[in-house]
Student: 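The structure is given below, and queries will be raised subsequently.
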2 protein chains.
Amino acid sequence: MLLRMSSLFVRTLREDPADAEVPSHRLLVRAGYIRRAAPGVYTWLPLGLRVLGKVEQVVRQEMAAAGAQEVHFPALLPREPYEATGRWDDYGPNLFRLKDRREADYLLAPTHEEMFTLLVKDLYSSYKDLPVTLYQIQTKYRDEARPRAGLLRGREFVMKDAYSFDLDDEGLQASYARQREAYQRIFSRLGLEFVIVSATSGAMGGSHSEEFLMPTPIGEDTFVRSAGGYAANVEAVTTPAPDAVPFDGLPEAHVERTPGTPTIQTLVDHANAHVPRPDRPWQASDTLKNVVVALVQPDGGRELVVVGVPGDREVDMTRLAAAMSPAEVQAATEADLAARPELVKGYIGPGVVGQANTGRQDALRYLLDPRVVPGTRWVTGANVEGEHVFDLVAGRDFVGDGVVEAAEVRAGDPAPDGSGPLELARGIEIGHIFALGRTYAEALGLSVLDVNGKARTVTMGSYGIGVSRAVAALAESNHDEAGLAWPATVAPVHVHVVATGKDPEVFAAAEELAGGLDGRGVEVLLDDRPKVSPGVKFADAELLGAPVLVVVGRGLASGVVEVRFRRPGDAARLGVEPRREVEVAGAVEQVASAVAELLGS
Amino acid sequence: MLLRMSSLFVRTLREDPADAEVPSHRLLVRAGYIRRAAPGVYTWLPLGLRVLGKVEQVVRQEMAAAGAQEVHFPALLPREPYEATGRWDDYGPNLFRLKDRREADYLLAPTHEEMFTLLVKDLYSSYKDLPVTLYQIQTKYRDEARPRAGLLRGREFVMKDAYSFDLDDEGLQASYARQREAYQRIFSRLGLEFVIVSATSGAMGGSHSEEFLMPTPIGEDTFVRSAGGYAANVEAVTTPAPDAVPFDGLPEAHVERTPGTPTIQTLVDHANAHVPRPDRPWQASDTLKNVVVALVQPDGGRELVVVGVPGDREVDMTRLAAAMSPAEVQAATEADLAARPELVKGYIGPGVVGQANTGRQDALRYLLDPRVVPGTRWVTGANVEGEHVFDLVAGRDFVGDGVVEAAEVRAGDPAPDGSGPLELARGIEIGHIFALGRTYAEALGLSVLDVNGKARTVTMGSYGIGVSRAVAALAESNHDEAGLAWPATVAPVHVHVVATGKDPEVFAAAEELAGGLDGRGVEVLLDDRPKVSPGVKFADAELLGAPVLVVVGRGLASGVVEVRFRRPGDAARLGVEPRREVEVAGAVEQVASAVAELLGS
């Protein structure tokens, strides 16, 4: 395949687009791979589409190798199946909804669990038909509140979604493991670094899920890992609860005047000064901070709840939101608080909150951090301006209406599996796999007859890869200041041939070289523009990022061309200099061999 | 590639689906190629997706050969560009419209002229950049009033749409010709019979367009052709107007009582009995029939108009609708007529209709058939119950507000280019090419600087192929009573290997044969189901329609397998019997050669 810069539909930009925050977005636009059509909605130009196609090809090959069969669903779907599973509502404003000319409700699918379930129900009826894993590479729609970072968080995007159907849990485990391995192979082949972390299931539901994250500081997802091998999305981190403490011998609770203590630090200082603890000084972690938040249900219903966390930690709204999904979490407003006169700002305590605690149905629900186990002693608000209650003992003096993972996770926190302290990092979610279990099959009536002729509900998994996002992730991890620097496996072309100067012989030689490479099955982009300076051509070549650059120019007089590797690692892998001169005579052969080696073929 | 019936995600149906009207729909569903997800919205199962992929591949190759570059646009698009060209409204209820979470207007694109125009405007600015032709293979949306016939008229479908951009008319002609030739190659390679007919441009606008129709009685489109080479979609047929006749010597108009003549035939009979014409009997073609219809504009505005056609012809609502596009045409209702007391049902005549005719702004517009040239004499309504006016002369006694091609076209009508009488046939539109001209470029401000540095508006063409529809067209033209019968080029697999009986040796031999073919690059579907009868297996094989069937069964004991060709024409082309026994030893070689020959490779 031979493309020519003189006719290729591309236009490189020297300036960063104004709306681009991250390198992949900046460079994919500047290099003419994508263009924005609307917020979070992108057009693929020829070079971008080539990269996308190559990523899809890797995904297809590994899906086939894992025994998954390809199908293709519509994006425009009727409401009913999503109504049956509750997701028509649960998706809230993230779902694009529309009506057809007969006023029937439709949606643009954000994911296809319902439809795959119904399809298998339509075609299959016996245990003998199982297991089966189906997948598609298809355009998805989510009306993100904040589309950002180009392809990283779009509203229309390409996804590979696979679904497994099994008779029993062992089958699901095997199907899940097979997809998990396929994901590892896919990301390895693409050259994407990844960490597999435990995750929450969000709108998907199900018993267990894991995310594949590409570590990068610009990632939207925070995850933790321990030296001992624990890894989880920060939303999925569980807090190891301490052992309960016997109540015997614990002091009685006592209310103290604590004027002028609007913050945890001022409260601790005041306590140490005026209500000293005999054994050691008071610490922030001895206080119980009660934070009022609003839960907004998908149907718009708004409920205030109080979340109690140790005073040395903030409430992490992302973790709280994951715990409360599909409800959204918002900060409580002044109006919210005004409607609840029992809440004394800065002095809220268990005395007036919690239904179990107060015995009042109209009390706000009170959700407690897992560290608040029976027998733990707390300093917390006394629900009176300027007063706190000390030695308030959980399980003796107050209880919660539930436990919630809402407190921030911090570097150094212990891993829940005891594998050591946690470190925090950021990443891009490039894959997510879910052991869904029977939720969808139950909602939509998917059962098969087992070996005894009895109907059994099928158990499912679902497995997603953000294919267009993977292109952005590849750009994130393969660029430098000058531009993109693709690995050969996904590069839009393997070799960029630049003819410099004005000498017709140079152009003819470049043409011949490009043709020779094309004849060897190498994908070539030939910069044959007659009136463009070498500087512009080199800058374009670096921006576009083909792994091998061949410069045909003045050296031609002495029978050589220059071969440059865009990625220092590629030259190292081949054991050659990043820039070197090669004889024209053997150039096609040498470059083609280098490309073949980079492609691992 | 080797698929196995034991695990392939397919389920064949013995019964036709209730909603299937045409063979392609019936068979594609029964053979497990597609499934309906919603009205006019289909899911592709593995075998169907393979056929679709092969059609796409042919399209891609020929687009590349024609110099077109592939891009990919979103389906979800903002309103503004479509507002600028008027199509946001013009598409009326055929357009899927929706709002995002910020209440911004979006649409699901029915076609992408606007976006391609804006993209070229974004990237290009000089005559040196032109010509360029871009294309995509992409999912389109049209909210059809009557989705029907499976993939033939869907609401979500796959289309190849290409767009050419040129500086001048000669360039457009060349780009148009290049796409036209590519279409001929594509349909020839796919084995689809086609007729190229002149067409109307409909919602697309532009100066000139042609359709590629596959002739078939189940087609939705009617077209005409003459022995002399004229061919047109029936909407595009122009009526050769007769020469005007001098008024001198024409009799005066005179009103006659014509009671009891509710139909043209009764009117003609009455006239011949009571108002005989001296030179020859009255004929239906001497009468002028005035039909009231309602035009509904995309914005909902409703206007009654009167269409005058010779009484021997019906008004063809399809032709009228094409002439009135983007307005829709509806029959006038009783309420419509009641609101216009001057219209005397059965006796409507020019006396009270037509703005130019009556000199009244509030009169209904009167549109006349091209045959109503000055000097022609007509019998028509006198706007009084039971009265007609005779010898009413066009141009002398009445005029129209315009000319309209609304009268039906009939077999035997003369071709407008004088190439002989027309014959009528039906066809499926598989391609449509438009010389758009500058309409879109003007609306969206696409100009480039010419060689003198002056801004020049670009001229465009647009070129569509219904890719998913082509799959249905292929099924329409490649099936028999037993099922589908694919040409090798687009078959989901080349060879279907059936193991019959229960003998493990038979299954082992079938397996080996299938593996051998796979090793030779042949795509194989192996029916390895252990407990399925040969009858069912053969029925499935005929339904699925692979071009070559290899039966491994009892013959194995004597060292032979049976090779059957699904399509008699394939066997004839290869010069072999449609069914024959071949030695097991050479079977792989022979079958692989046959497949290679059928593929033309």
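Predicted model, so just to flag it, every value in this text is computed and none were measured. Side chains included, hydrogens not; waters and symmetry mates left out as well; all remaining heavy atoms used. Each chain gets a letter, A, B and so on, in the order its sequence line appears, and its residues count up from 1.
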Student: Please set out all donor-acceptor pairs under 3.5 angstrom arising from side-chain atoms of residues 34-48 of chain A, sequence neighbours excluded.
Tutor:
from: A/Arg35; atom 1: NE; to: B/Asp122; atom 2: OD2; distance (Å): 2.8
from: A/Arg35; atom 1: NH1; to: A/Val29; atom 2: O; distance (Å): 3.1
from: A/Tyr42; atom 1: OH; to: A/His25; atom 2: NE2; distance (Å): 3.1

Student: Please confirm whether the backbone N or O of A/Lys99 pairs with a side-chain atom of B/Arg97, one donor and one acceptor, at under 3.5 Å?
Tutor: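 No.
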Student: Under a 4.5 Å heavy-atom cut-off, does chain B meet the side chain of A/Ala104, its backbone, both or neither?
Tutor: neither
Student: Can you say whether B/Glu80 sits under 4.5 Å from chain A via the side chain, the backbone, both, or neither, judging by heavy atoms?
Tutor: neither
Student: Looking only at heavy atoms and a cut-off of under 4.5 Å, which of B/Thr139, B/Leu134, B/Leu77 has the most pairs with chain A?
Tutor: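 Among B/Thr139, B/Leu134, B/Leu77, the one with the most close pairs to chain A is B/Leu134.
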Student: Taking every heavy-atom pair that is under 4.5 Å apart, which of B/Leu8, B/Val132, B/Asp143 has the most such pairs with chain A?
Tutor: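 Between B/Leu8, B/Val132, B/Asp143, the count favours B/Asp143.
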Student: If you measure from CG on B/Asp129 to OG on A/Ser7, what distance do you get to the nearest 0.5 Å?
Tutor: 11.0 Å
Student: Please report the interatomic distance OG(A/Ser468) to NE2(B/His72), rounded to the nearest 0.5 Å.
Tutor: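 That separation rounds to 10.0 Å.
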Student: Select one option (side chain, backbone, both, neither) describing which atoms of B/Leu13 are under 4.5 Å from chain A's heavy atoms.
Tutor: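 Neither part.
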Student: Does CD belonging to A/Glu328 count more than 12 external heavy atoms closer than 6.0 Å?
Tutor: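 Not more than 12 within 6.0 Å, no.
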Student: If you draw a 6.0 Å radius around CZ in B/Arg14, do more than 12 non-hydrogen atoms from other residues or ligands fall strictly inside?
Tutor: yes
Student: Under 4.5 Å from any heavy atom of chain B, what part of A/Arg50 do you find: side chain, backbone, both or neither?
Tutor: neither
Student: Is B/Arg146 atom CZ crowded by more than 12 heavy atoms from other residues, nucleotides or ligands, each under 6.0 Å away?
Tutor: no
Student: Out of curiosity, B/Leu123 CG to A/Phe9 CZ, how far, rounded to the nearest 0.5 Å?
Tutor: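 Those atoms lie 4.5 Å apart.
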Student: Partners of A/Phe73 by ring-ring contact (aromatic ring centres under 6.0 Å, His included), sequence neighbours excluded?
Tutor: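 By the ring-ring contact (aromatic ring centres under 6.0 Å, His included) rule, A/Phe73 matches A/His112, A/Phe116.
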Student: So which residue, B/Leu3, B/Leu49, B/Leu118, ends up with the most heavy-atom pairs under 4.5 Å with chain A?
Tutor: B/Leu49
Student: Find the distance between CZ (A/Arg101) and CZ (B/Arg155) and round it off to the nearest 0.5 Å.
Tutor: 9.0 Å
Student: Between A/Ala64 and chain B, which part of the residue has a heavy atom less than 4.5 Å away: side chain, backbone, both or neither?
Tutor: neither
Student: Using non-hydrogen atoms only, which part of A/Glu70 is less than 4.5 Å away from chain B: side chain, backbone, both, or neither?
Tutor: both
Student: With a 4.5 angstrom heavy-atom cut-off, which part of A/Val10 approaches chain B: side chain, backbone, both or neither?
Tutor: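 Interface part for A/Val10: backbone (N, CA, C, O).
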